Every structure is written in structure tokens, then in C-alpha cells.
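The block underneath contains the structure these notes are about, expressed in C-alpha cells.
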Amino acid sequence: KMFIVSGFIQLAMYELPLLFAILMRLSIITVVWLMFFNSQNGLVNKLLPLFGLTAQNWLESPVLAFACVFTLVFWRGFCFTSFNCLLSMERLPQELHESAAIAGASVWQEFVHIAMPQMLPTLMYVIPTAVVSVLTTFEPIMLLYYAGMSPDMTGSMVDMFYQLLT
């Protein structure tokens, strides 16, 4: 398996962190996110002065609140997508990779012509599922609202997109 690290290293480096992020309740992730983006003593505001930037009021500005929620939801969706794609790549037949190596295919050619067509059924499930999950997320928005987010930015991600674009 050309693209995947095998054995225990793969489990420790890739699968467990992704699975952990998928299985965590969204409310717990939101509370951790609040620790990062807290206006008074959040980790991000502590790191900004190191780069010459000033601390931000993350939850009061509609644009910054949207960025916080979008990043949170995107991160969780990315873990779901990555985990499923990783499992799909593990199921690829080894013989196809060996044949490509014998034929002299580059890594890119092997990925495009062997791996991607084999992963297409997984991608056809994962991508729409992730998009619907992101757009229908409501829980972190309400938790951030109760933590002090701008009242203009409540609702679902679709509502947030609409409010920012109008």
C-alpha cells in the first residue's frame, strides 16, 4: 500500500486522532473551541501578539463569529472525510499498485488512475454527507451564542451564510 503507513504507526498517527474527533460530541468540541477563541484569555488571543497582531473580540463581530463557527464545523467534517478516505485507501487491492509499479507509473499517475477511481464510491457518499452536515449544524452556534456571540449570527450555517451575504 503505497500511500498508507502500515501497522501500529498508522493507527496511532492517523486513525485514532481522526476517530476521536469524529466521536466527540459537538458540544464538547464547541467548549474547547471557546477556550481557543475567548476574547479575554483565549489561546488564539494570547498568540496573536507574538505575530504583532492585536487581540480580537471573536464572538461579537459577525464576520469573526462566522469564521470561528465555520472553522469548527469544517474541522470536524474534515476529520470525518479523512477517516473515511483513509479506510477506503486501505481497501485498495495491492495487485493494482504492483502492476502500476511494474508498468512504470509515477506516484501521481498511480493515484489518479488507480486510487481515485477505486475511492469514487466512498467520495460520492462522504462529500454530500459532509456538506449536509456542515450546513445543518446548529448546536455550536447556539452554544457560542450563549457564550456571548453576536445575536445577529444565530441559526444554522445556511442562515449565517445568508446574513453575511445580504
Side-chain angles (χ1 to χ4, degrees), residues 3-5 10-91 108 111-112 115-166:
F3 304 112
I4 305 297
V5 180
Q10 174 187 341
L11 183 69
M13 285 178 55
Y14 301 114
E15 293 176 4
L16 286 179
L18 291 174
L19 187 62
F20 181 70
I22 294 167
L23 294 177
M24 275 181 76
R25 294 267 315 146
L26 199 51
S27 55
I28 295 171
I29 296 171
T30 304
V31 170
V32 172
W33 218 250
L34 277 170
M35 291 180 201
F36 286 135
F37 291 105
N38 188 312
S39 298
Q40 284 76 30
N41 55 5
L43 181 64
V44 175
N45 275 343
K46 299 259 189 227
L47 294 175
L48 285 177
L50 299 175
F51 299 101
L53 302 170
T54 59
Q56 299 292 320
N57 233 350
W58 294 100
L59 299 177
E60 292 186 17
S61 163
V63 174
L64 291 176
F66 175 77
C68 289
V69 171
F70 183 79
T71 306
L72 165 74
V73 173
F74 178 81
W75 171 75
R76 187 154 189 250
F78 177 78
C79 291
F80 171 76
T81 304
S82 299
F83 186 74
N84 281 296
C85 288
L86 183 66
L87 293 178
S88 177
M89 289 177 73
E90 287 178 350
R91 291 191 316 255
W108 176 251
F111 179 72
V112 169
M116 284 302 290
Q118 295 288 321
M119 291 176 52
L120 195 57
T122 301
L123 293 174
M124 289 179 66
Y125 163 73
V126 166
I127 292 172
T129 303
V131 169
V132 168
S133 175
V134 165
L135 293 177
T136 59
T137 299
F138 181 73
E139 186 178 7
I141 296 169
M142 283 312 296
L143 289 172
L144 291 172
Y145 170 72
Y146 287 120
M149 186 170 75
S150 171
D152 297 334
M153 298 305 293
T154 57
S156 67
M157 287 296 288
V158 175
D159 293 335
M160 293 180 86
F161 275 122
Y162 178 76
Q163 289 175 10
L164 283 175
L165 295 175
T166 57

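The model shown is predicted, which means the values in this text are computed figures rather than measured ones.
- Once rounded to the nearest 0.5 Å, the distance linking CD1 of Ile127 with SG of Cys85 reads 7.0 Å.
- The distance from atom CH2 of Trp33 to atom CD1 of Ile28, rounded to the nearest 0.5 Å, is 15.0 Å.
- Rounding to the nearest 0.5 angstrom, the gap separating the CE atom in Met89 from the CD atom in Gln118 is 11.5 Å.
- Side-chain N or O atoms of Asn57 include none that pairs as donor or acceptor with a backbone N or O of Ser39 at under 3.5 Å.
- Interatomic distance, SG of Cys68 versus CZ of Phe37, reported as 4.5 Å (0.5 Å rounding).
- Side-chain contact between Met124 and Pro121 is absent, with no heavy-atom pair separated by less than 4.5 Å.
- The shortest non-hydrogen separation linking Leu48 to Ala55 is CD1-CA, 4.3 Å.
- Atom CG of Leu34 is separated from atom CG of Leu72 by 9.0 Å, given to the nearest 0.5 angstrom.
- Taking CD of Gln40 as the reference point, atom NZ of Lys46 lies at 10.0 Å (rounded to 0.5 Å).
- The backbone N or O of Leu43 sits nowhere less than 3.5 Å from a side-chain atom of Asn38 that would complete a donor-acceptor pair.
- In terms of heavy-atom proximity, Thr129 sits nearest to Tyr125 at OG1-O, 2.6 Å.
- With sequence neighbours excluded, no residue forms a side chain to side chain donor-acceptor pair (under 3.5 Å) with Asn84.
- By the 4.5 Å heavy-atom criterion applied to side chains, Thr54 and Gln56 are counted as neighbours.
- A heavy-atom distance below 4.5 Å is found between the side chains of Leu123 and Met116.
- Nearest heavy-atom pair, Pro49 versus Asn45, reported as atom, atom and distance to 0.1 Å: CD-O, 3.1 Å.
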